[in-house]
Colleague: 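For reference, the structure I am asking about is given below.
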Amino acid sequence: MATTTYQVQGMTCGHCANSVSSEVGAIPGVSDVQVDLASGQVTVTSSSPLDTDTVRAAVDEAGYDLVGA
Ligand SMILES: [Cu+2]
């Protein structure tokens, strides 16, 4: 199991959090996504370490920016 916290910019409400959470949650191997709206932190639990570019693409697909990992 790997847990990584990413910094995501642009989320403003529960809908944003849900979008990010469902896109990131669709990445193969991801078992849990926790979004902290106030801080913009997204904590992802996966069976093996994820490629940051894969996570960035999913966050981008949801309409937000991954600014740090
Ligand atoms: Cu929103």
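Both counts, for ligands and for their atoms, begin at 1 and track the order of listing.
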Colleague: With side chains defined as the heavy atoms from C-beta onward, is the minimum distance between Y6 and V59 less than 4.5 Å?
Modeller: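 Side chain of Y6 against side chain of V59, heavy atoms only: no contact under 4.5 Å found.
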
Colleague: According to side-chain contact (heavy atoms from CB on, under 4.5 Å), who are the partners of T3, at least two apart in sequence or on a separate chain?
Modeller: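 side-chain contact (heavy atoms from CB on, under 4.5 Å) list for T3, sorted by chain: T43, T45.
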
Colleague: Which protein N, O or S atoms sit under 2.8 Å from the Cu ion (ligand 1)?
Modeller: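 For the Cu ion (ligand 1), the protein N, O and S atoms that sit under 2.8 Å away are C13 SG, C16 SG.
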
Colleague: Can you check whether S39's main-chain N or O pairs, donor with acceptor, with Q7's side chain at less than 3.5 Å?
Modeller: yes

Colleague: Are any of the side-chain heavy atoms of T4 and L50 separated by less than 4.5 Å?
Modeller: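 Counting from C-beta outward, T4 and L50 never come under 4.5 Å.
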
Colleague: At their closest point, which heavy atom of A69 faces which heavy atom of T52, and how far apart are they?
Modeller: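 Scanning both residues, the minimum pair turns out to be CB-CG2, 4.3 Å.
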
Colleague: Distance from D53 atom CG to D60 atom CG, nearest 0.5 Å?
Modeller: 11.0 Å

